[in-house]
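To start, the structure itself, in structure tokens.
Remember, predicted model here, so these are calculated numbers, not experimental data.
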Amino acid sequence: MTTPIDGQRLWNTLMAMAEIGPTANGGSCRLALTPEDAAGRRLLLDWCETLGCTWRVDQVGNLFIRRAGKRDDLEPVATGSHLDTQPRGGRFDGILGVLAGLEVFRTLHEAGIVTERPLELVVWTNEEGSRFAPAMVASGTYAGAFTVDETLGRRDADGVTLGEALTACGFAGDLPVGEPRLDGYLELHIEQGPVLEGAREAIGVVTGVQGMRWFDVTFTGRSAHAGPTPMRLRHDALAAAARLIDRLQALALADESGDTKVTCGCLEIAAASRNVIPGEVRLTVDLRHVAEAELDALQARFERELAAAGEAFGVAVSSERLWASPVVAFDAECIAAVESATRAQGVPHRRMMSGAGHDAVYVARVAPTAMIFVPCRDGISHNEAEYATPEHCALGAQVLCDALLARANRPA
């Protein structure tokens, strides 16, 4: 049975959070563990404390907000996402999942409903990875993929460690990482892609997440004057990088399934000048696929193309894999709970894989997990123009509420 959430209240809360770190074109900038991120967390805690919730922070800054259940000895059912954003991010990526969880808590509070199991609203630290690489590092630490010391020692572009930033913003906690253990985890998120909108479907029942691998690549050639140096005698690092990018793009575009994805998001030319042949170029490569074996093959092809580009232009190449996130399959029971709650709303929906990484990727290693997607306009995300309608946000929160209640009230 549905317990109706208040969609207008959810929207108002989303817009209130967006006023912390607003950008010129209607987006948000709350980089992880900056004063803006800390202010967003404190606002959330103010809202939750009025509902009688308690909270704890673990050693890497993950924030756990508890709504007591009838049996607090049972492991809690959790929801949540993140409040940090990209430098010019939107108002919904991550934030919707956190504030929809708050709306569920408010709805249950007003209705006087106490679940059998306690509920946890989780704010994961540094999901975006835009300040401290890699992405999802704190949920990864919670799940055992990284050590606490590794995570606290990660540095931003200014040399500030994550641990120092935690202390500076007041969110250095002492809860042991890995606690509390969760009975289940459901995360609501905007799709960050165009599939649902294009199909005019209102909910994505997310069955898993595609695999991802990040690489830092360096091409080392030789700087020389653009005029006197013959083309055949050059060691042009940028030309080699361009060859690699072109070959990888062609490979991905040739995959008619659309499952192969290649992105070169950063390109740095050392001592760049318009009349100097580039001697050193640094490049990032992001490889993604829905099948682990195909991702292995994609990485092997990338490595061959990298070597070939270096040879063709007479430059040295090196590559470091910074991060690898395997293909994730979510829990069948959690998926079923989301699908049942969606069907009860009578809206068009589909089962789908996520193309983006989320904290749920790591949480799925240690707790039954699933996700809920709602459409976003033109599939745009990580952008100030990111937008989801009030109606879709409310619908997603309603599905989340009903699925959480089903999970939290099932027999122990």
Side-chain angles (χ1 to χ4, degrees), residues 86-87 128-130 133-135 154-155 157 192-194 209-327 353 355-357 379 382-383:
Q86 293 288 331
E128 292 291 359
S130 52
R154 294 182 185 274
R155 295 184 182 274
Q192 300 183 283
V209 181
Q210 66 183 359
M212 302 163 237
R213 298 179 190 177
W214 285 3
F215 299 85
D216 278 352
V217 177
T218 302
F219 296 86
T220 305
R222 186 170 64 213
S223 297
H225 197 297
T229 310
M231 295 298 293
R232 69 182 181 278
L233 298 180
R234 297 184 179 200
H235 301 276
D236 190 329
L238 182 56
R243 172 71 62 88
L244 176 68
I245 294 169
D246 179 62
R247 293 293 171 84
L248 293 179
Q249 286 286 314
L251 174 66
L253 289 168
D255 180 1
E256 294 183 359
S257 73
D259 291 336
T260 301
K261 297 184 177 71
V262 175
T263 304
C264 299
C266 299
L267 181 69
E268 299 176 12
I269 305 169
S273 174
R274 69 175 61 243
N275 63 342
V276 175
I277 299 162
E280 181 178 283
V281 170
R282 292 179 293 276
L283 175 73
T284 63
V285 177
D286 178 318
L287 307 178
R288 306 192 184 207
H289 205 283
V290 299
E292 198 69 22
E294 293 297 329
L295 188 55
D296 288 339
L298 179 59
Q299 178 177 333
R301 179 65 178 272
F302 152 68
E303 291 167 348
R304 291 196 300 273
E305 294 292 354
L306 175 61
E311 183 177 355
F313 291 91
V315 304
V317 298
S318 64
S319 173
E320 178 186 5
R321 193 171 83 177
L322 293 184
W323 183 52
S325 180
V327 177
M353 291 279 285
H382 286 188
N383 186 305

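Among all heavy-atom pairs drawn from Ala237 and Gly221, the shortest one is CB-N, 4.1 Å. Looking at every heavy atom in both residues, Asp236 comes nearest to Pro278 through OD1-CD, 3.6 Å. Contact detail for Ala312 and Arg243: the closest heavy-atom pair is CB-NH1, 3.8 Å. Summarising the geometry of Phe219 relative to Ala240, their closest heavy-atom pair is CD2-CB, 3.6 Å, with the distance given to 0.1 Å. Between Val327 and Met353 the shortest heavy-atom distance is CG1-CE, 4.1 Å. Heavy-atom minimum distance, Gly357 versus Met212: CA-CE, 3.2 Å.
A donor-acceptor pair under 3.5 Å links the side-chain atoms of Gln210 to the main chain of Gly355, judged by distance alone. In terms of modelled atom types and a separation under 3.5 Å, the side chain of Thr263 and the main chain of Asp286 share no donor-acceptor contact.
Side chains of Phe302 and Val262 form no contact here, defined as non-hydrogen atoms less than 4.5 Å apart. Residues Asp216 and Thr284 are in side-chain contact: their nearest non-hydrogen atoms beyond the backbone lie under 4.5 Å apart. Residues Thr218 and Glu280 form a side-chain contact, since some pair of their non-hydrogen atoms from C-beta on lies under 4.5 Å apart. Between Asp259 and Glu294 the shortest side-chain heavy-atom distance does not fall below 4.5 Å. No side-chain heavy atom of Arg282 sits less than 4.5 Å from a side-chain heavy atom of Cys266. For the pair Val217/Val317, no side-chain contact is recorded, criterion being any heavy-atom separation below 4.5 Å from C-beta on. The shortest side-chain heavy-atom distance between Val285 and Leu306 does not fall under the 4.5 Å cut-off.
Once rounded to the nearest 0.5 Å, the distance linking CG of Leu295 with CZ of Arg288 reads 10.5 Å. Atoms CG and OG1, on Leu287 and Thr260 in that order, are 9.5 Å from each other to the nearest 0.5 Å. To the nearest 0.5 angstrom, Trp214 atom CH2 is 13.5 Å from Glu320 atom CD. Here the straight-line distance linking atom CG of Leu283 with atom CD1 of Ile269 works out to 10.5 Å at 0.5 Å rounding. Rounded to the nearest 0.5 angstrom, Leu244 CG and Gln249 CD are separated by 10.0 Å. In this structure, CZ on Arg301 lies 15.5 Å from CG on Asp296, to the nearest 0.5 angstrom.
Enclosure of atom CZ in Arg234 by more than 12 non-hydrogen atoms of other residues, nucleotides or ligands within 6.0 angstrom is indicated. Other residues, nucleotides and ligands contribute at most 12 non-hydrogen atoms within 6.0 Å of the CD atom of Glu311.
With sequence neighbours excluded, the residues forming a salt bridge (charged side-chain N to carboxylate O under 4.0 Å, His left out) with Arg247 are Glu305, listed by chain and number.
Gln299 pairs with exactly one of His289, Arg213, Arg304 by the side-chain hydrogen bond (donor to acceptor under 3.5 Å, both in side chains) rule, that one being Arg213.
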